[in-house]
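In each ligand, atom 1 is the first atom listed, and ligand 1 is the first ligand listed. Worth saying up front: this structure is predicted, and the values here are computed from it rather than measured.
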Amino acid sequence: MQRKPFLAVLILFAILSLVVGCDNTTPSGCGGNTGGDTGGDTGGNTGGGSTGAFSGASCTSTGNVTVSETIKVTSGVYDGKCQTFNPTSALGDGSQDESQKPVFRVENGATLKNVIIGNNGADGIHLYNGATLDNITWKNVGEDACTVKSSGTYTIRNIEGYNGEDKFFQINAASTIRVTNAVIHNAAKALRQNGDTTFKIDVVFDQCELQDLKEGVFRSDSRSSVAKLTNSRLRNAGDICIGNWASCTYSGTTNY
Ligand code: ADA
Ligand code: CA
Ligand code: CA
């Protein structure tokens with residue numbers, strides 16, 4: 001008979017595949033696993049060093065720049081080349097005085113990257129009509145670190161900031177805010193929607209390290225706003241959700 005050897009080979013294959021168990025429905029085994037975690041580096045950093053969860057910014061200062069007038073970034077990419085930007089008293093003194101000016105103003109989808117703001121934080125960075133921040137250090141947060149001044153989508157990654165008195169992010173307009181790999185130590189709130197406002201903000205903090213927050217992470221008075229904290233680590237960070245929210249959730253957070 002011609003068919004018998006063919007049938008034997010067929011049965012052998014069937015038995016082999018049963019033993020090895022290649023069903024391609026699981027991520028591991030049978031060549032289906034393509035490596036898993038690749039570290040979460042979203043790129044865009046020319047400041048040197050690695051990025052990824054909890055690494056914050058990566059600049060080592062390459063020099064000092066005195067700033068006596070707000071630097072406006074209105075299009076394209078402004079690369080600070082890891083210089084330290086030091087405001088004069090013309091911008092403010094970094095206290096809790098509300099009349100201070102920002103060191104940078106970034107708007108209309110422009111990007112600011114590779115910047116260190118020095119020991120006078122003044123009113124930090126103001127954002128208008130959408131913007132991206134990448135690889136920014138606030139050595140000593142002033143009145144606040146970063147303010148959303150008008151509606152838009154804001155992408156903020158690979159940042160770190162220290163020693164604020166009150167807010168780190170201040171949100172003064174309806175907006176979408178995506179923060180990845182932020183290291184924030186010493187503030188009252190990591191993010192505050194402007195008090196008594198009811199517009200909607202949509203916030204996600206992912207892969208952030210939050211430490212020593214007197215009040216907590218997210219604070220809003222708006223019942224339409226949503227916030228999410230994911231894959232982050234906390235130490236002495238207060239409450240994650242304060243005030244009114246449509247939704248405020250967290251997942252994958254650990255204490256360290
Ligand atoms: C405070 C103040 C607001 C606004 C905000 C800011 O919350 O009440 O009016 O100035 O600070 O943007 O720093
Ligand atoms: Ca303020
Ligand atoms: Ca302010």
Side-chain angles (χ1 to χ4, degrees), residues 67-73 85-108 110 112 115-133 136-156 159-179 182 184-203 205 210 212-225 227 238-239 241-245 248:
V67 183
S68 49
E69 206 175 289
T70 299
I71 298 167
K72 292 182 179 145
V73 183
F85 293 81
N86 300 297
T88 67
S89 58
L91 301 191
D93 61 4
S95 70
Q96 284 298 290
D97 183 347
E98 293 288 352
S99 65
Q100 298 176 72
K101 296 191 172 80
V103 189
F104 288 93
R105 168 184 171 134
V106 189
E107 59 191 37
N108 299 336
L112 177 67
V115 159
I116 300 171
I117 295 178
N119 285 322
N120 175 9
D123 209 46
I125 300 173
H126 287 187
L127 306 176
Y128 292 77
N129 305 327
T132 297
L133 300 181
I136 313 286
T137 298
W138 288 257
K139 287 178 74 177
N140 179 22
V141 172
E143 200 280 311
D144 46 34
C146 178
T147 309
V148 167
K149 301 282 280 185
S150 73
S151 292
T153 296
Y154 297 93
T155 303
I156 296 159
I159 67 160
E160 63 191 54
Y162 303 95
N163 300 332
E165 288 283 315
D166 191 6
K167 299 110 172 210
F168 191 88
F169 288 104
Q170 165 82 30
I171 312 302
N172 293 351
S175 47
T176 299
I177 301 144
R178 297 288 177 263
V179 178
I184 299 172
H185 292 188
N186 283 305
K189 283 86 73 175
L191 181 143
R192 174 65 157 127
Q193 175 167 348
N194 205 9
D196 295 327
T197 58
T198 54
F199 54 74
K200 178 181 180 178
I201 67 169
D202 177 334
V203 183
F205 274 34
L210 306 171
D212 297 320
L213 304 179
K214 284 187 216 98
E215 288 180 49
V217 180
F218 300 130
R219 181 165 176 186
S220 153
D221 302 320
S222 171
R223 293 186 186 282
S224 46
S225 290
D239 298 326
C241 304
I242 307 165
N244 297 321
W245 294 92
C248 179

Distance-only polar pair, side chains of [X] and [Y], donor-acceptor under 3.5 Å:
X      : Y      : value
Ser99  : Asp97  : yes
Asn163 : Asn140 : no
Ser220 : Ser222 : no
Ser150 : Asn129 : yes

*Check ligand 1 against Asp144 and write out every atom of the ligand that is under 4.0 Å from a heavy-atom position of the residue.*
6 (C), 13 (O)

What protein heavy atom lies closest to [atom]? Include the residue and the distance to one decimal.
atom                   : result
atom 1 (C) of ligand 1 : Glu98 OE2, 3.3 Å
atom 7 (O) of ligand 1 : Lys167 NZ, 3.0 Å
atom 8 (O) of ligand 1 : Asn194 OD1, 4.4 Å

*Hey, is there an N, O or S on Asp144 sitting under 3.0 Å from the Ca ion (ligand 3)?*
yes

*Identify the two heavy atoms, one from Asn244 and one from Arg223, that lie closest to each other, and give their separation to 0.1 Å.*
OD1-NH2, 3.4 Å

_Vertex the Ca ion (ligand 2), rays to OE2 in Glu98 and OE2 in Glu143 - rounded to 10°_ = 80°

*Taking atom CG of Asn172 and atom CG of Asn194, what is their separation to the nearest 0.5 Å?*
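Result: 4.0 Å between the selected atoms.
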
*Minimum non-hydrogen distance to atom 12 (O) of ligand 1, winning option of Asn172, Thr197, Val148*: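 Closest candidate by heavy-atom distance is Asn172.
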
*Are any of the side-chain nitrogens in Asp202 or Arg178 under 4.0 Å away from the carboxylate oxygens of its partner?*
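Yes.
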
*What do you reckon, does Glu143 have a nitrogen or oxygen under 3.5 Å from a nitrogen or oxygen of ligand 1?*
yes

*Looking at the Ca ion (ligand 3), which N/O/S atom of Asp123 is the nearest one?*
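In Asp123, the heteroatom (N, O or S) nearest the Ca ion (ligand 3) is OD1.
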
